[in-house]
Amino acid sequence: MPLVNAKEMLTKAKAGHYAVGQFNINNLEWTKSILLTAEELKSPVILGVSEGAGKYMCGYKTVVGMVNGMLEELNITVPVALHLDHGSYEGALACIEAGFSSVMFDGSHYPIDENVAKTTELVNICNEKGLSIEAEVGSIGGEEDGVVGAGECADPDECKRIADLGVTMLAAGIGNIHGKYPENWAGLSFETLDAVQQKTGDMPLVLHGGTGIPADMIKKAISLGVSKINVNTECQLSFAEATRKYIEEGKDLQGKGFDPRKLLAPGAEAIKATVKEKMELFGSVGKA
Ligand code: 13P
């Protein structure tokens with residue numbers, strides 16, 4: 001199936017009280033592992049690409065070519081959206097041009113009026129071209145691609161203002177953080193999430209910083225309207241751990257163990273296991 005935008009999968013997720021995972025990709029192995037797992041579990045999936053990862057993979061056109069090629073060659077039948085993660089205004093335009101099916105415009109660091117103006121322009125372009133668009137209110141804490149967010153809780157009235165612009169999905173800061181959570185993390189603010197959902201109604205809400213959020217908090221967040229959950233660091237940690245084990249066991253020194261197709265295989269399997277665990281937790285298995 002060719003790429004789809006994220007609108008239908010997220011509308012169904014919100015109505016069905018589950019969440020679709022966005023898993024960020026970094027290279028061919030990442031993409032292949034995520035797509036194969038989604039297909040095996042009959043789950044819709046969103047492939048996230050940060051601007052930094054886009055550059056690393058030789059630009060958005062390369063990413064679109066790789067993903068489209070895999071959808072066809074791997075006979076992927078489940079709905080897959082290719083989504084820019086935390087895009088700038090210029091980055092969003094570049095991805096729309098390159099053939100992404102979905103973009104996030106992260107205007108959370110602008111004053112609200114500027115966030116509204118830029119989001120409005122991009123909503124109009126995405127509507128015209130049939131893409132889905134995610135907006136953000138209240139920055140997500142921690143560091144993502146060198147962008148450090150303070151982790152504030154979003155103002156529900158500002159969320160409503162942005163939701164009313166016609167975005168497909170809305171990321172609201174609720175005390176979530178990118179990367180590993182610190183020991184003294186206060187947890188998600190369900191009070192904020194509840195207030196945001198009450199103001200924004202059917203709007204699918206997005207939970208960033210999915211790595212390391214305890215299962216009970218994930219389930220509660222889904223019950224309060226979260227329909228998309230982003231996971232990045234956890235796949236990186238699984239990949240690194242499995243690769244470290246392979247090297248530490250000296251497997252690269254045995255026979256043709258240095259062959260990259262062998263060297264990267266345990267990491268790729270570890271990504272699959274992490275993605276499976278998350279899809280089961282989010283409830284998206286069998287929903288494709
Ligand atoms: P983690 O790296 O904490 O999983 O966050 C991913 C994310 O929110 C991408 O936007």
Side-chain angles (χ1 to χ4, degrees), residues 6 10 19-27 30-31 33-34 37 45-57 63 81-88 91-92 95 100 102-109 132-154 167-183 185-189 193 204-215 217-218 221-222 226-241 270-271 273-279 281-282 284:
L10 293 181
V20 177
Q22 173 193 305
F23 300 95
N24 285 49
I25 59 172
N26 291 288
N27 62 16
W30 242 262
T31 314
S33 293
I34 296 163
T37 307
V45 74
I46 299 170
L47 301 176
V49 179
S50 67
E51 295 200 350
K55 271 196 204 113
Y56 176 79
M57 291 184 275
V63 176
L82 179 59
H83 180 74
L84 172 67
D85 189 28
H86 290 284
S88 61
C95 285
F100 276 52
S102 188
V103 292
M104 173 183 188
F105 168 59
D106 181 355
S108 62
H109 50 285
S132 45
I133 176 164
E134 174 177 344
E136 178 170 324
V137 181
S139 81
I140 313 293
E143 189 192 319
E144 172 105 339
D145 261 357
V147 181
V148 180
E152 72 225 29
C153 283
V167 299
T168 319
M169 52 202 140
L170 182 73
I174 55 165
N176 40 337
I177 299 173
H178 289 125
K180 288 183 183 174
Y181 284 85
E183 290 287 320
W185 178 50
L188 297 176
S189 169
L193 181 56
L205 301 175
V206 184
L207 181 63
H208 282 248
T211 295
I213 299 179
M217 285 195 202
I218 293 279
I222 293 173
V226 162
S227 327
K228 171 175 178 279
I229 303 179
N230 293 5
V231 178
N232 183 14
T233 307
E234 207 154 323
C235 289
Q236 298 185 1
L237 291 169
S238 311
F239 178 86
E241 191 188 326
I271 293 171
T274 298
V275 171
K276 181 167 192 259
E277 188 190 309
K278 296 296 171 193
M279 286 178 165
L281 175 62
F282 301 165
S284 68

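As the structure lists them, so they are numbered: ligands from 1, and atoms in each ligand from 1.
The His208 neighbourhood of ligand 1 comprises atoms 8 (O), 10 (O), with distances under 4.0 Å to a heavy atom of that residue. Within ligand 1, the atoms closer than 4.0 Å to a non-hydrogen atom of His86 are 10 (O), numbered from 1 in the order shown. In the vicinity of Val231, heavy-atom distances shorter than 4.0 Å reach the ligand 1 atoms 4 (O). The distance from ligand 1 to the heavy atoms of Thr211 drops below 4.0 Å at these ligand atoms: 1 (P), 2 (O), 3 (O), 4 (O). With ligand atoms numbered from 1 in the order given, ligand 1 contributes 1 (P), 2 (O), 3 (O), 4 (O) to contacts under 4.0 Å with heavy atoms of Thr233. The atoms of ligand 1 that sit less than 4.0 Å from any heavy atom of Gly179 are 1 (P), 2 (O), 3 (O).
Looking at Met57 and Ile25, their side chains come closer than 4.5 Å, going by heavy atoms from C-beta outward. Counting only heavy atoms from C-beta outward, the side chains of Leu281 and Ile229 never approach each other to under 4.5 Å. Residues Phe282 and Val231 form a side-chain contact, since some pair of their non-hydrogen atoms from C-beta on lies under 4.5 Å apart.
Neither the backbone nor the side chain of Glu234 comes within contact range of ligand 1; no heavy atom lies under 4.0 Å. Proximity of Asp85 to ligand 1, defined as any heavy-atom pair under 4.0 Å, is confined to the side chain (atoms from C-beta onward).
For Gly48, the heavy-atom gap to ligand 1 stays at 4.0 angstrom or more.
Checked against the 6.0 Å centroid criterion, the rings of His109 and His86 do not qualify as a close aromatic pair.
A donor-acceptor contact under 3.5 angstrom links the side chains of Ser88 and Glu51, judged on distance only.
Panel note: side chain Tyr181, backbone Gly209; a donor-acceptor pair is recorded below 3.5 Å.
Residues satisfying the ring pair (Phe, Tyr, Trp, His ring centres under 6.0 Å) test with Phe23, not counting sequence neighbours, are none.
The shortest N or O to N or O distance between Asn232 and ligand 1 is below 3.5 Å.
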